[in-house]
Each structure stands twice: as C-alpha cells, then as structure tokens.
Amino acid sequence: MKHVFTGTVLASALLLCAGTASATVKIGFMLPYSGTYAKLGEAIENGFKLYVKEQGGKLAGQDLEYFQVDDESNPAKATDNANRLIQRDKVDILVGTVHSGVAVALAKAADDSDTTLIIPNAGADVITGPLCSKNVFRSSFSNSQPGIAMGMVAAKKGYKTAVTITWNYAAGKESTSGFAQSFEKGGGKVLKNLTLPFPNVEFQPLLTEIASIKPDVVYTFFAGGGAVKFVKDYYAAGLRKTIPLVGAGFLTDGTLQAQGEAAQGLLTTLHYADNLNTPRDNAFRADYTKTYPKIEPDVYAVQGYDAAQILAAGMNAVKGDVSKKAEMRAAMSGATIDSPRGTFKLSKAGNPIQDFYLREVKGDKNVSIGIAVKDLADPARGCKL
Ligand code: PHB
C-alpha cells in the first residue's frame, strides 16, 4: 500500500514538472571586471540586471541565479574561463563578453557544449560570419559597422586622405577596415594604418607620425581606459587644431567625464546616443540612474539591457523551460527588441540590424546630430545558417 502511494505522489510530481520549469535559471556572466575594459563589463551587468528588475526580478516566472568570471580581456585564458561557467557552474545561459578575441573562444566553447550565448558587446566579425551558430546571439554590433558609418560621413565631408590608429587585434582591425571600405568607396584614400598592441597606451610615437603625415582626418577605434588616454593625448599634442579626429563611438562612450575638455566637439558614429529623447530611452535612462546613482547609462548598459530582453523573448516562448533549447532559440532569433537605442530585429546570423547615429560631444553627452546609416546589417560573410 505504501509503495503504491509513493508511486502516485512521484507520478504527480513528474506531471507538475512537465508543465513548468526548473527552480532557477543559471546565468553565467563572463565579462572583464578588471583592466582597461572593466567599466564596460560593469555597465553590461548593470543593464542586464536592470531589465530583470523591471520584470519583477524574474524572467518568464523564473528566478535567476548569477555566476561571474572575470575574463580580464585575456584571450589566452578564455577557453578555461568559459569552461568554469559551462562545466563547473553548469550555467544554462552565457552572457559575454567585451573583447573580440575572448568572445571568439567563448563562442566556440558555447557551440561545443550547446549552450546558449548572448554577446553583449564584442563585435568580432567571424562570430556572425563563418562561426555563426543557432545558439549565439549578439545584442551589440559587428566591428565593421561603426567604421562603415564613419567612412561614409568622412567621405561626404570631403576629406580626401585619412590615417587610422587602433589596437592591433580583431576589433581595431575590423573597425578601421570598415572605415577604409566606405571612405575609399566615397573617393577617399587611407594613407596609413597605425597600430599598437592591446591594451598598450604609449601613443606618443604614433601621434608624432600622424603629425608628419598630415592627413585630412584621423579615424580611430579605442574604448574604455585606453580611449580616455588617447583622446587626452591627442588633445595635449595639439593635433585637434590641425587634424580632425573621428572614431567609432566607443571612443567617447562611458568616458566623457574622464576626458572632459579634450573630447569636446568630437564626431563619432554608434548605434546609441545620449539625447534620443524617445519615451523608451527616457524611461530606461531614468530607471538606470535611479537604480545606479551617479552612473550615466552608456552604450554598454544598453547592450546588457537588450541581452536580457533577447533572453526574455526566448524564455517567454518556452514558459521559462530553458531545456527546450530549439524553441527558445527560434523565439530569440525572431524577436523584435524594444531597445532604448530604437527597435531592432536580429539578422539571420544573430546580429542587430540597426541605425548608426552621427554624434557630437557636447559637455558630458554624445549628442545625436543625425543618422549616418539606416538599418545597417553586418555582411555575415561565410555564415551558413
Ligand atoms: C571588441 O573587442 O570587440 C570591442 C571592445 C570594446 C568596444 C567595442 C568592441 O568598445
């Protein structure tokens, strides 16, 4: 009699489980919490958690449990770090990272273990190119996108010659080649690509070289702590007076308080700006500053917030049961994201199709002064999905 009773209880417990999902969903943040990109990692996590807070602390009725690994923006440690989250912590969902070289290793580890990955920044073109995958999504951009947008702007302004300067790794190389592609299509010529190893900030010899080449314009990709130093050094060298500096918007996002006077008037292109003044963005910005006093939201916070929105679209479709991977991923892939930057959809390769704003630094804001390119999709070259 006792045996039968236990069996019945077990059976009904199983039935209950079939209709709902497991107790908590494990989210693994693999982000830089130290080094030149530390603030970017912090903003991404803030943004993600803000969206979850706005949903009452749960997604699709599920509690979330967070795990963190500091990837130090170090590609050499990336596979081991990814496996800490995948194998040791057994996370359901990976969210990471900022640095393109680290993200490539993370995407491979996610693919090998069939774990869903949302990339809240790193723009490595290969991730939505040859390495594209049904379980990898990006809430950010691909590296060539801001460069393409600025190359068009620079050519239209009538600049004929340019020098590019960046860190010698995927993000810098792809950003500057995106610039070269559209600048040269518009009649310009890139005279020289100057680089230094990531995350070095010994800019002086390269600034001396720029002064002697005297191009019409300089295009740059730097971000985080390195961007702060570059903008200040360019200004201190007196170059702002003779050679206009333009860049991918990371140059001045999340950095303006530290750059101050040296950043005033800089033109950059990015998929976000500080004065969009839409009800959606105003609500996001108000809630962000209320939740994280004294921190201004930036593009990284938006990308973190939208990573959570993409996940929510998937989890809602499976009523919180993240074990239904195919169904969840299909919903993530087809979602329309009501982003603070403006509504977007993902391309087949999993990258946002989005507008790129032309922004000008005014005080402590990146002010949109127009749209440089509308609905820009990344080329997804080599993606077979
Ligand atoms: C990248 O490595 O892909 C990267 C890093 C920082 C940025 C943008 C892109 O701000």
Side-chain angles (χ1 to χ4, degrees), residues 25 27-33 37-60 64-71 73 91 93-99 103 106 116-123 137-141 146 223-224 249-250 252-257 270-276 278-315 332 335-344 346 350-352 354 357 364-366:
V25 172
I27 310 288
F29 286 121
M30 178 154 143
L31 291 168
Y33 294 106
Y37 289 160
K39 277 189 117 182
L40 288 56
E42 187 192 327
I44 287 167
E45 188 174 327
N46 284 348
F48 190 100
K49 289 183 168 168
L50 179 67
Y51 182 74
V52 175
K53 190 200 87 170
E54 289 174 353
Q55 310 313 303
K58 295 176 191 245
L59 294 186
L64 305 183
E65 188 181 354
Y66 295 109
F67 296 80
Q68 289 162 319
V69 164
D70 177 8
D71 68 32
S73 295
V91 300
I93 310 290
L94 285 163
V95 178
T97 186
V98 168
H99 183 287
L106 176 61
T116 300
L117 166 65
I118 308 172
I119 301 173
N121 184 69
F137 303 87
R138 193 146 56 189
S139 62
S140 52
F141 57 90
F250 313 110
T252 56
D253 236 81
T255 55
L256 288 178
Q257 282 185 348
L270 204 64
H271 47 292
Y272 189 59
D274 294 321
N275 67 327
L276 297 181
T278 57
R280 182 71 183 96
D281 190 45
N282 290 346
F284 162 76
R285 294 182 76 92
D287 202 16
Y288 194 90
T289 40
K290 195 175 112 205
T291 310
Y292 310 108
K294 299 208 182 85
I295 314 182
E296 285 289 316
D298 57 19
V299 71
Y300 309 104
V302 171
Q303 293 169 172
Y305 187 84
D306 291 343
Q309 294 212 68
I310 293 173
L311 177 60
M315 285 181 62
M332 291 166 77
T336 299
I337 303 301
D338 186 16
S339 170
R341 77 188 85 171
T343 304
F344 71 83
L346 296 174
N351 198 66
Q354 57 194 341
Y357 302 100
D364 63 352
K365 298 271 184 289
N366 285 289

Note to self: Holding to salt bridge (charged side-chain N to carboxylate O under 4.0 Å, His left out), I want the full list of residues that pass it with K49, two or more places apart in sequence or in another chain.
What the structure shows: E45

Margin query: Between R138 and Q303, is there a side-chain heavy-atom distance shorter than 4.5 Å?
Written below: no

Notebook entry, point to check: When rounded to the nearest 0.5 angstrom, what distance separates CD in Q354 from OG in S139?
Noted result: 9.5 Å

Item checked: Shortest non-hydrogen contact between N46 and Y292, atoms and distance -> O-OH, 2.6 Å

Note to self: Contact between M315 and I93 at the side-chain level, heavy atoms closer than 4.5 Å - yes or no?
What the structure shows: no

Notebook entry, point to check: Mind checking whether T97 and P32 have side chains closer than 4.5 Å, heavy atoms only?
Noted result: yes

Next item on the list: With rounding to the nearest 0.5 Å, note down the distance linking CG in N351 to CG in L346.
Entry: 7.5 Å

Item checked: Donor-acceptor pair between N366 and Y272 side chains, under 3.5 angstrom -> no

Check: Once you round to the nearest 0.5 Å, how far does NZ of K39 lie from CD1 of I295?
Finding: 8.0 Å

Check: When rounded to the nearest 0.5 angstrom, what is the spacing between CZ in F137 and CG in L311?
Finding: 10.0 Å

Next item on the list: State, yes or no, whether a side-chain contact exists between Y300 and V98 at a heavy-atom distance under 4.5 Å.
Entry: no

Note to self: Tell me whether Q68 contacts the main-chain N or O of L31 through its side chain, where contact means a donor paired with an acceptor under 3.5 Å.
What the structure shows: no

Margin query: Please report the interatomic distance CG(L117) to CG(L106), rounded to the nearest 0.5 Å.
Written below: 5.0 Å

Check: Do Q309 and D306 have side-chain atoms, one donor and one acceptor, less than 3.5 Å apart?
Finding: yes

Item checked: Sequence-distant partners of D274, salt bridge (charged side-chain N to carboxylate O under 4.0 Å, His left out), two or more places apart -> R285

Note to self: Quick one: does any side-chain atom of T289 pair with a main-chain N or O of E296 as donor and acceptor, under 3.5 Å?
What the structure shows: no

Check: Looking at side-chain heavy atoms only, is the closest gap between V302 and S339 below 4.5 Å?
Finding: yes

Margin query: Suppose we call two aromatic rings close when their centres sit under 6.0 Å apart. Are F29 and F48 close by that rule?
Written below: yes

Item checked: Close side-chain approach of M332 and I118, heavy atoms under 4.5 Å -> yes

Next item on the list: Taking all non-hydrogen atoms of both residues into account, name the closest pair between L40 and A223 and its distance.
Entry: CD2-CB, 4.4 Å

Notebook entry, point to check: Parallel, tilted or perpendicular: which fits the ring planes of Y305 and F284, with parallel below 30° and perpendicular above 60°?
Noted result: perpendicular

Margin query: As an exercise, state the distance from CG of N282 to CG of D287, rounded to the nearest 0.5 Å.
Written below: 12.5 Å

Next item on the list: Could you list the residues that satisfy salt bridge (charged side-chain N to carboxylate O under 4.0 Å, His left out) with D364, not counting sequence neighbours?
Entry: none

Next item on the list: Taking all heavy atoms of P146 and all of F250, pick out the closest pair and write down the distance.
Entry: CG-CE1, 4.0 Å

Next item on the list: Ignoring hydrogens and angles, tell me if any N or O in the side chain of R280 forms a donor-acceptor pair with the backbone of A283 under 3.5 Å.
Entry: no

Check: Are T291 and K53 close enough, and set up right, to give a side chain to side chain contact (heavy atoms under 4.5 Å, CB included), and what steps lead you there?
Finding: CA-CA 10 Å; T291 310; K53 190 200 87 170; 3.0 Å; yes

